[in-house]
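Step one of this worksheet: look at the structure below.
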Amino acid sequence: MKISFSRKSEKYLSFLFLNFLLTVLLSVFYIFSQNRSVYEMIYLFIALFSNTFIIYIPVAVVFFFLLFLPWYGFFLVLFFSLFHIVLTVDLVIYRLWHFHINSMVLNIILTPGGIDALNWSVDIRKIFVFVVLFWISFEFLVLYISRFRFLSKGFLKKSCLFLILFVVIDKLTFTVSDIIDCIPITRSKETLPLYLPLTTKGFVKRYLGINVERRKDIITDISKSVLNYPRKEIKLNRIESYPNIIMIIIDSMRYDMLDHEITPNIWSFSK
């Protein structure tokens, strides 16, 4: 049975809408990865919808042309499965180390033996396989659900208008916070993956004559930092005499490289 192009478009928009919700729900865990103030949480929720909407715009435009292909559903499932698999991996990395997938992570993944250096156990491999199979199966389910007409054009238009409003609020809030050095807001740009901050310091200083130099008095304000240290008061026990000990620390040095052939001077010193 041949499906009309308008019907394909409706299914495509429904598929995008459901995936948009999935991406938002998954990305909520970025926000709860650290302790934040109430207004910072409110901003991040607005930024979450804004950032996801901005990411989906080029994706929606590019994959719109897949509607002309006979197997467009397969390509959609393949792309969004991969998209949410990468997002899941990035979320795990962020919750562990508070940074996203970057060149260092890619170098570890692409370098032979790099992943093994992280002691990637069999259990973790099984979990990763489960995540891959889960998202592929789930995307096929989403594709099936998108066949049913449950979204009206009016609802989609109103949703887009609300999302555009969130984009405006997000970018204006960030650019004003950047001008006045509101650290709880400006530091949030590292929370969401692929977030595009809007900064206008150069424009404001050049054309409006407003001094936007960074204030030095807020750098040492611990209330504006996510660093939770020390966890308790540091107390030192005074002793009469200290042992004569020198600690030499070499970062990322393999123990089997400390011998008389590879590192003769260090080996000699150790003796």
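The first residue of the sequence shown is numbered 1, and numbering continues consecutively from there.
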Inset, instruction - Using a 4.5 Å cut-off on heavy atoms from C-beta on, say whether the side chain of Leu163 contacts that of Cys160. - result: no
Inset, instruction - Would you confirm whether Thr52, through its side chain, and Phe49, through its main-chain N or O, come within 3.5 Å as a donor-acceptor pair? - result: no
Legend entry - Flag if over 12 foreign heavy atoms under 6.0 Å of CZ, Phe74: no
Inset, instruction - For Asp256 and Ile262, work out which heavy atoms get closest and say how close. - result: O-CD1, 4.4 Å
Inset, instruction - Side-chain contact test, heavy atoms from C-beta onward, threshold under 4.5 Å: evaluate it for Val142 versus Phe80 and give yes or no. - result: no
Inset, instruction - Could you go through the ring pair (Phe, Tyr, Trp, His ring centres under 6.0 Å) check for Phe53 and Phe166 one step at a time? - result: CA-CA 9 Å; Phe53 181 62; Phe166 283 174; 9.8 Å; no
Legend entry - For Ser159 against Phe17, the heavy-atom pair lying closest together: OG-CE1, 4.4 Å
Legend entry - From CA spacing to verdict: side-chain contact (heavy atoms from CB on, under 4.5 Å), Phe63, Leu16: CA-CA 10 Å; Phe63 279 86; Leu16 282 179; over 6 Å; no
Inset, instruction - Check whether any side-chain heavy atom of Tyr43 sits under 4.5 Å from a side-chain heavy atom of Asp170, and report yes or no. - result: yes
Legend entry - Rounded distance (nearest 0.5 Å) linking atom NZ of Lys157 with atom CG of Leu161: 9.5 Å
Legend entry - Spacing of Glu40 atom CD and Ile183 atom CD1 [to the nearest 0.5 Å]: 10.5 Å
Inset, instruction - Would you please name every residue forming a ring-ring contact (aromatic ring centres under 6.0 Å, His included) with Phe138, sequence neighbours left out? - result: Phe134
Inset, instruction - Give a yes or no answer on whether the side chain of Asp178 reaches the backbone of Leu198 with a donor-acceptor pair at less than 3.5 Å. - result: no
Legend entry - Atom pair CG/CD1 of Asp259 and Ile266 - distance to nearest 0.5 Å: 10.5 Å
Legend entry - Residue list, side chain to side chain donor-acceptor pair (under 3.5 Å) with Tyr56, at least two apart or on another chain: Thr23
Legend entry - Donor-acceptor contact present, side-chain Ser177 to main-chain Thr173, <3.5 Å: yes
Legend entry - Inter-residue atom distance Leu133.CG - Phe128.CZ, 0.5 Å rounding: 10.0 Å
Legend entry - Euclidean distance, Asn51 CG relative to Leu192 CG, rounded to 0.5 Å: 5.5 Å
Legend entry - His98, NE2: over 12 other non-hydrogen atoms inside 6.0 angstrom: yes
Inset, instruction - Classify the ring geometry between Trp97 and Phe99 as parallel (under 30°), tilted (30 to 60°) or perpendicular (over 60°). - result: parallel
Legend entry - Separation between CG of Leu87 and CG of Leu82, rounded to the nearest 0.5 Å: 11.0 Å
Inset, instruction - Identify the two heavy atoms, one from Phe64 and one from Ser9, that lie closest to each other, and give their separation to 0.1 Å. - result: CE1-OG, 4.4 Å
Legend entry - Aromatic plane relationship, Tyr94 with His100 - under 30° parallel, 30 to 60° tilted, over 60° perpendicular: parallel
Inset, instruction - Can you label the angle between the Phe45 ring and the Phe32 ring as parallel, tilted or perpendicular, going by 30° and 60°? - result: perpendicular
Legend entry - Side chain proximity check, Phe140 to Ile136, heavy atoms < 4.5 angstrom: yes
Legend entry - For Phe162, the rest of its hydrophobic cluster, which grows through side-chain links under 4.5 angstrom: none
Inset, instruction - Compute both the distance and the angle, then confirm whether Lys171 meets the cation-pi test with Tyr195: under 6.0 Å from the six-membered ring centre, within 45 degrees of the axis. - result: yes
Inset, instruction - Name the orientation class of the two ring planes belonging to Phe148 and Tyr144 (parallel below 30°, tilted from 30 to 60°, perpendicular beyond 60°). - result: perpendicular
Inset, instruction - Verify the neighbour count for atom CE of Met257: are there more than 12 heavy atoms of other residues, nucleotides or ligands below 6.0 Å? - result: no
Inset, instruction - Apply the side-chain contact (heavy atoms from CB on, under 4.5 Å) test between Glu139 and each candidate in Asn19, Leu18, Leu76; give the one that qualifies. - result: Asn19
